Amino acid sequence: MGSTSAHNNEGLGRRDVIKRSAALGLITVPTMSFLSACASGDSGGDEPVKKGKTSAKNPLGVNESAALDVVIFNGGFGEQYAKDAEKVYSTAFPKAKVKHTATQKIQSQLQPRFNGGTPPDLIDNSGAEQMDMGVLVGKKQLLDLTPLMDAPSYDDPNKKVRDTLRPGVLEMGQFDGDPVWIMYYAYTVYGVWYSQTNLEKLDAEYPENWDDMLALCAKAKKKGIAGWTYAGKYPYYLPFSLYPFIAKIGGREVLDKIDNLEPNAWKDPAVKAAFEAYYELKQKGYILSGTTGLTHIQSQTEWTKGRALFLPNGSWVENEAAPTTPKDFKMMVSAPSSLDSSDKMPFGTIWASGGEPFVVPAKAANPQGGMEQLRIMLSEESSKNFTKQVKSLSAYNGGTDGLTLSTAMQAGVDALKKAGDNVVNPRMQDWYVKLQKEQIGAGLGEMMAGRLTPAEAIKKIQAYADAAAKDQSIKHYKHQ
């Protein structure tokens, strides 16, 4: 961990001059009652299919005639990449019928199946209705994917699958010790997204410190352009740039304490400074009018139309926003701006980690088939196909050789290179989905709508975190 300056007393005025005003309000978000319900069903379902014979071509022992049931989240990455990989499975096992389902309603569609003990064989557990991963792991609803990780990779029998993954991907799937519960297939760069073209129109560069960020927002405002927009209806998008901003200010240990649900973690000075900086965007009128009522798609559309300069998001945004993105947009991503010279980590500190979580349910009828499908997806061919189709890196450590990368993808690769070891990986969104999406997101949404001051938002979020820490009905996790 580095520091941008040895002069730790310089720049503190940035924190002191931010003005705050108080107003109280409420924001509503979708309920997540499924999170406990889906993991409580113990009723038996269909008996698992008989395991097949293992061989060099079938190291996991897939039953060659057993049906495979796959459910894919049809969001920013679409579903075609999964269909293409399923064709490879069908070629390898021509007697097997592959059932493919694509949906944005993971929770709604799979709740009855989990409760009935008849879940699919492979699930892309993503989106607004993502099942709570911490609950699923804690209730032993998922299959340990260690056999997949120790299986020979699809391309090289002398290399295990685990040895083909990008750094940190395998660890993300581990919640408590060695078992691997989740295979995060995409490799996501989170941060502040912008159009290089639109910055050039303002004769500007990406602002590397907060004073420059505010100055650029003021310049844009004079031309009728907002500084920022975000998914106001789903304010849990805000942490995609806010969490690494907090880590940059106070060090990665601040995020670790938040993830660990430690007392007063949200009252850390770095959290206060970051909240006040974002609140200043609201107070100075630098947030696009109407943002609080926008979905993620609507906010992205406003952004691609040039009505706002900056958008907190993940690298799936390039594919998801493609229908409205001008050809000359030059989509880019950057790490958060520095707050001031006393930040604990250097400019370039960014959040990057595995995304698009795939799981094999413990009660799947064909778990070997589910793991084999993931093994196929982690081949070089499938990885390249994924990258070409959806403009995102995959968990496979490679797969870009010979490909022409878009400006957005290249910006992500460059951002990772610039970050070096200064990559943070907060775990809140996969350890405690309800806390992250419903409660922390709601608190941030209220603050950015001007209905809570930063101090009030911190108090509210800390209370949510304290309640989660005391809740004995959920399993708790800590950074090792």
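Note that this is a predicted model, so its numbers are computed, not measured.
- Counted within 6.0 Å of NZ on Lys459, heavy atoms from surrounding residues, nucleotides or ligands total 12 or fewer; the atom is thus considered open.
- Under the side-chain contact (heavy atoms from CB on, under 4.5 Å) criterion, Glu302 pairs with Leu288, Leu294, Arg307, not counting sequence neighbours.
- Side-chain N/O atoms of Asp466 and Gln462 include a donor and acceptor closer than 3.5 Å.
- Within the structure, side chain to side chain donor-acceptor pair (under 3.5 Å) pairs that include any residue of residues 406-416 comprise Glu318-Ser406, Gln410-Asp414 (at least two apart or interchain).
- Between the His476 side chain and the Leu261 main chain, no donor and acceptor come within less than 3.5 Å of each other.
- In this structure, the side chain of Asp343 does not engage the main chain of Met345 through any donor-acceptor pair within 3.5 Å.
- Shown here are the side-chain contact (heavy atoms from CB on, under 4.5 Å) partners of Asn319, two or more places apart in sequence or in another chain: Val390.
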(message) One pair to check against side chain to side chain donor-acceptor pair (under 3.5 Å): Thr103 and Gln109. What are the steps and the verdict?
(response) CA-CA 8 Å; Thr103 180; Gln109 290 200 12; 3.1 Å; yes

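- With a 4.5 Å cut-off on side-chain heavy atoms, Trp431 and Met133 do not count as touching.
- Here Met448 contributes atom CE and Tyr279 contributes atom OH; the two are 10.0 Å apart, rounded to the nearest 0.5 Å.
- In terms of heavy-atom proximity, Ala274 sits nearest to Ile246 at CB-CG1, 3.6 Å.
- Side chain of Ser241 to backbone of Pro312: no donor-acceptor contact under 3.5 angstrom is found.
- Put simply, the side chain of Tyr206 reaches to within 4.5 Å of the side chain of Ser337, judged on heavy atoms.
- Note that CD of Glu446 is 11.5 Å distant from OG1 of Thr292, once rounded to the nearest 0.5 Å.
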(message) Using side chain to side chain donor-acceptor pair (under 3.5 Å), reason through Glu208 and Ser338 one step at a time and then give a plain yes or no.
(response) CA-CA 6 Å; Glu208 294 191 6; Ser338 300; over 6 Å; no

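- The backbone N or O of Glu262 lies less than 3.5 Å from no partner atom in the side chain of Asn260, so there is not a single donor-acceptor pair.
- Counting only N and O atoms by type, the side chains of Asp259 and His479 include a donor and acceptor under 3.5 Å apart.
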Return a table of donor-acceptor pairs under 3.5 angstrom between the side chains of residues 213-229 and protein atoms on other chains or two or more places apart.
{"unit_1": "Lys219", "atom_1": "NZ", "unit_2": "Leu202", "atom_2": "O", "d": "2.6"}
{"unit_1": "Lys221", "atom_1": "NZ", "unit_2": "Lys284", "atom_2": "O", "d": "3.0"}
{"unit_1": "Thr229", "atom_1": "OG1", "unit_2": "Thr291", "atom_2": "OG1", "d": "2.9"}

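- Two rings, from Tyr184 and Phe358, have their centers 6.0 Å or more apart.
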(request) Test salt bridge (Lys or Arg N to Asp or Glu O under 4.0 Å) on Lys460 and Glu456 and set out the steps. (result) CA-CA 6 Å; Lys460 192 166 191 173; Glu456 290 166 340; over 6 Å; no

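- Between Val169 and Tyr187 the shortest side-chain heavy-atom distance falls below 4.5 Å.
- Listed by chain and residue number, Leu403 satisfy the side-chain contact (heavy atoms from CB on, under 4.5 Å) test with Lys388 (two or more places apart in sequence, or in another chain).
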(request) Start with the C-alpha distance between Asp178 and Gln174, add both sets of side-chain angles, then the distance that settles side chain to side chain donor-acceptor pair (under 3.5 Å), and finish with yes or no. (result) CA-CA 6 Å; Asp178 294 332; Gln174 296 173 318; 4.7 Å; no

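- Shown here for Leu339 and Ala277, the closest heavy-atom pair between the two residues is CD1-CB, 4.0 Å.
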(message) Determine whether Met331 and Trp303 satisfy the following criterion, side chain to side chain contact (heavy atoms under 4.5 Å, CB included), listing intermediate values before the conclusion.
(response) CA-CA 11 Å; Met331 189 181 294; Trp303 172 63; 3.7 Å; yes

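- A ring-centre distance under 6.0 Å is found for Trp316 and Phe240.
- When the options Asp471, Ile461, Ile440 are evaluated for a side-chain contact (heavy atoms from CB on, under 4.5 Å) with Leu435, the one that passes is Ile440.
- In plain terms, the two heavy atoms of Pro235 and Ala442 that are nearest each other are CG-N, 4.4 Å.
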(request) Would you sort out whether Tyr236 and Val433 count as a side chain to side chain contact (heavy atoms under 4.5 Å, CB included), showing the intermediate values? (result) CA-CA 10 Å; Tyr236 58 82; Val433 173; over 6 Å; no

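- Rounded to the nearest 0.5 angstrom, Leu136 CG and Ile123 CD1 are separated by 8.0 Å.
- Using modelled atom types, one finds no donor on one side chain facing an acceptor on the other under 3.5 Å when comparing Asp124 with Ser126.
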(message) Working note: Gln300 + Asn313, criterion side chain to side chain donor-acceptor pair (under 3.5 Å); need CA distance, chi angles, decisive distance, verdict.
(response) CA-CA 9 Å; Gln300 290 163 191; Asn313 218 309; 3.1 Å; yes

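- Atom CD in Gln107 sits 10.0 Å away from atom CG in Asn125 (nearest 0.5 Å).
- Residues Met377 and Ser382 come closest through the heavy atom pair O-CB, 3.5 Å.
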Quiz: residues 323-330 side-chain donor-acceptor pairs under 3.5 angstrom, not counting sequence neighbours:
{"unit_1": "Thr324", "atom_1": "OG1", "unit_2": "Thr304", "atom_2": "OG1", "d": "2.8"}
{"unit_1": "Thr324", "atom_1": "OG1", "unit_2": "Ala321", "atom_2": "O", "d": "3.3"}
{"unit_1": "Thr325", "atom_1": "OG1", "unit_2": "Ala321", "atom_2": "O", "d": "2.7"}

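- The number of heavy-atom neighbours closer than 6.0 Å to CD of Glu205, taken from other residues, nucleotides and ligands shown, is 12 or below.
- The cationic atom of Arg427 (NZ for Lys, CZ for Arg) does not lie both less than 6.0 Å from the six-membered ring centre of Tyr432 and within 45° of the ring axis.
- Aromatic ring centroids of Tyr237 and Tyr230 lie 6.0 Å or more apart.
- Aromatic ring centres of Phe245 and Tyr278 lie closer together than 6.0 Å.
- Contact detail for Ala395 and Leu378: the closest heavy-atom pair is CB-CD2, 4.2 Å.
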(request) Begin from the C-alpha positions of Ile258 and Val271 and carry the test side chain to side chain contact (heavy atoms under 4.5 Å, CB included) through to its verdict. (result) CA-CA 10 Å; Ile258 287 173; Val271 177; 4.1 Å; yes

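- Note that CE of Met332 is 5.0 Å distant from CD of Gln196, once rounded to the nearest 0.5 Å.
- Side-chain atoms of Asn209 come within 3.5 Å of backbone atoms of Asp212 as a donor-acceptor pair (strictly under, hydrogens ignored).
- Under a 3.5 Å cut-off, the side chain of Glu79 and the backbone N or O of Asn74 do not form any donor-acceptor pair.
- With contacts defined as side-chain heavy-atom distances shorter than 4.5 Å, the pair Leu170/Val180 qualifies.
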(message) Applying side chain to side chain contact (heavy atoms under 4.5 Å, CB included) to Leu393 and Met409, what does each step give before you reach the verdict?
(response) CA-CA 8 Å; Leu393 300 174; Met409 280 200 68; 3.6 Å; yes

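- Taking CE of Met131 as the reference point, atom CD1 of Ile106 lies at 6.5 Å (rounded to 0.5 Å).
- Between Gly78 and Ile72, the closest heavy-atom pair is O-CG2, 4.0 Å.
- Between Lys257 and Glu253 no salt bridge is recorded (no basic side-chain N to carboxylate O distance below 4.0 Å).
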